[in-house]
Amino acid sequence: MKLSHLLEHLQYETVQGSDDISVTELVNDSRKVCKGSVFVCISGAVSDGHSYIDDVAEKGAAAVIVERDVEAPKDLAVIKVADTRYALALMSAAYFGYPAKKLKVIGITGTKGKTTTTYMVKSILEGVGHKVGLIGTIEAVIGDKVIPANNTTPESYVIQKYFAQMVEAGCDSVVMEVSSQGLMLHRTAGILFEIGIFTNLGEDHIGPNEHKDFDDYKRCKGLLFKQCRLGIANVDDKWYEDVFKGASCRVETFGLSKKADLRAEDIRHISRPGYLGVKYHVSGLMDFDVEIDIPGEFSVYNSLTAIAVCRHFCVPAENIKAALKVAKVKGRIEMVKVSDEFTLMIDYAHNAMALESLLNTLRDYNPGRIVAVFGCGGNRSKTRRYEMGEVSGKLADLTIITSDNPRFEEPQEIINDIIVGMKKTDGNYIDICDRGAAIKYAIEHGRPGDVIVVAGKGHETYQEIKGVKYDMDDRVLIQKALKEIAEGR
């Protein structure tokens, strides 16, 4: 294809050579360059693509896309743009034939609730015959193919490749998580979203490698609503108006307050051993009762968000109710049956905000005790460890501190940091470094009415130690513990 075709929606300067040349591949990883490739020089946190120009020229690249002045071999076309990440996004869309135009693209942004809501939307739409692709924190789903995820929102080239594969697989729509980082780094640039959703905003993802401050985090969330036809917003969130400042789309709202266009009313908790759920009445733009097998107010918000989306696909209330009853998300308040007397669940809560939200939700169900089993990842902020220890000490009746992904740190040292936070409270705790042994202890000592939360890893099926990922799945550890207990070991 012609290089000029890939550049057709960009402003650019031809610094050297010509844009009227044929190219074979679009690449942003120098290791993947082959003869005739066009290489996009991305300035990343780890390396700068501009430093590989001589290398890709030797491999036979036909052109490079740059955002600053460079020296390049004379037989290499050099195209200069204002931002190579933005260029990669628009060039990727062109390279794959603009697949987003053949799909209804639904994007969900917010601090919490994105993952669960994507699966709820997928479940509802598939229940009435739509074929729906999914891109998110856990995986990408394309027809029968499941691809484990590395980022919540992949690089723009990967997104467009997935979209093209979805079109080929017969999908008519896609629901995807859109992270603030993804928006900031132009990973979704050039995509016109049919619907953009804002769930909520909390102080997270702020730091040297993410957002410089909360205002920047908030601003980046709002970028989604400058590239969608319809924005659906949680009107109860205090940052809603800030996020939608400058939005160019039509806006609808959902929430629990009377001012919401779509509302949840008469919320009731449902509890029995091994089961926690919630039911409520949908009013405003729709009118029906709904029950879901996931507890808590945030589950009301997540399901209400999904209802608000699927209303625009004309899904009947009965189909919505049936789909929400069976929608499940791996590692998100995932109930695992271990006893007729107490409840055990797996959840991805891996920071203080998520753990606090989860434990407060469970307290609403008046459990006998809340038992929290968790650790923290190595090579991450120690503040997170102190905060999670303090939150669990205040809100759980018993905390079992264990190992998560120690990475290049010693597991016991991470545990000791969590204990620093724990000791700011009067909470009861023990530490068991081996995660399997910690889970077994929790099950063995479960009491009638208890709710046991195994937190932190959720959908993950590995433990990372000194650069190596070993197989480890909380579900497998639970089943192993049950077997050992049954055999008296």
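Computed from a prediction, not measured in an experiment: that's the story for all the values here.
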Could you grab the distance from atom CZ of Arg272 to atom OG1 of Thr343, nearest 0.5 Å is fine?
10.0 Å
Test: Lys321 and Glu318 ion pair at under 4.0 Å:
yes
Are the side chain of Arg363 and the backbone N or O of Leu395 linked by a donor-acceptor pair below 3.5 Å?
yes
Keeping the roles fixed (side chain from Ser92, backbone from Leu88), state whether a donor-acceptor pair exists under 3.5 Å.
yes
Lys457 NZ/CZ over Phe374 ring centroid, <6.0 Å and within 45° of normal:
no
For the student: nearest non-hydrogen atoms of Cys171 and Leu103, plus distance:
O-CD2, 3.3 Å
Looking only at side-chain N and O atoms, does Gln181 offer a donor or acceptor that is under 3.5 Å from a partner on Thr153?
no
With side-chain contact (heavy atoms from CB on, under 4.5 Å) as the test, would you mind laying out the steps for Asp216 and Met184 before giving the verdict?
CA-CA 9 Å; Asp216 185 59; Met184 179 176 72; 3.9 Å; yes
Spatial distance of atom CG (Asp364) from atom CD (Glu297) [nearest 0.5 Å]:
8.0 Å
Going through the distances and angles, do Leu26 and Phe96 end up as a side-chain contact (heavy atoms from CB on, under 4.5 Å)?
CA-CA 10 Å; Leu26 175 64; Phe96 287 104; over 6 Å; no
State whether the side chain of Ser257 and the backbone N or O of Asp236 hold a donor-acceptor pair below 3.5 Å, judged by distance alone.
no
Could you check whether the rings of His459 and Tyr348 sit parallel, tilted or perpendicular, using 30° and 60° as the cut-offs?
tilted
Check whether any side-chain N or O of Ser403 sits under 3.5 Å from a backbone N or O of Arg435 as a donor-acceptor pair, and report yes or no.
no
The test is side-chain contact (heavy atoms from CB on, under 4.5 Å); show your working for Phe313 and Ile106 and say whether it passes.
CA-CA 11 Å; Phe313 287 77; Ile106 304 159; 3.8 Å; yes
Thr425 side chain to Lys394 side chain, donor-acceptor N/O pair below 3.5 angstrom:
no
Verify, without hydrogens or angle tests, whether Glu155 (side chain) and Asn28 (backbone) share a donor-acceptor contact under 3.5 angstrom.
no
Do any N or O atoms from the side chain of Arg263 and from the backbone of Ala260 form a donor-acceptor pair under 3.5 angstrom?
yes
Side chain to side chain contact (heavy atoms under 4.5 Å, CB included) with Val278: which of Val300, Asp293, Ile270, Ile294?
Val300
What I want to check is whether the side chains of Thr253 and Asp261 have a donor and an acceptor closer together than 3.5 Å.
yes
Find the distance between CD1 (Ile333) and OG (Ser299) and round it off to the nearest 0.5 Å.
4.5 Å
State, with a plain yes or no, whether a side-chain heavy atom of Ile307 is found less than 4.5 Å away from one of Met286.
yes
Assess the side chains of Glu252 and His312: does a donor N or O sit below 3.5 Å from an acceptor N or O?
yes
So, Thr116 side chain and Gly113 main chain: donor-acceptor pair closer than 3.5 Å or not?
no
Run the side-chain contact (heavy atoms from CB on, under 4.5 Å) test on Leu7 and Met91 for me, step by step, so that the C-alpha distance in whole Å, both residues' side-chain angles and the decisive distance to 0.1 Å come before the verdict.
CA-CA 6 Å; Leu7 296 166; Met91 292 175 73; 3.9 Å; yes
Would you find a donor on one side and an acceptor on the other, under 3.5 Å apart, between the side chain of Tyr365 and the backbone of Gly296?
yes
Thr137: which of Lys114, Glu177, Arg332 passes side-chain hydrogen bond (donor to acceptor under 3.5 Å, both in side chains):
Glu177
Look only at the side chain of Asp450 and the backbone of Ile452, and say whether a donor-acceptor pair between them is shorter than 3.5 Å.
no
Does a sphere of radius 6.0 Å around CD in Glu168 hold more than 12 heavy atoms from other residues, nucleotides or ligands, not counting ones at 6.0 Å or beyond?
no
Spatial distance of atom OG (Ser392) from atom CG (Asp397) [nearest 0.5 Å]:
9.5 Å
Can you confirm whether the side chains of Asn302 and Lys112 place a donor and an acceptor under 3.5 Å from each other?
no
Atom pair CZ/NE2 of Arg447 and His445 - distance to nearest 0.5 Å
9.0 Å
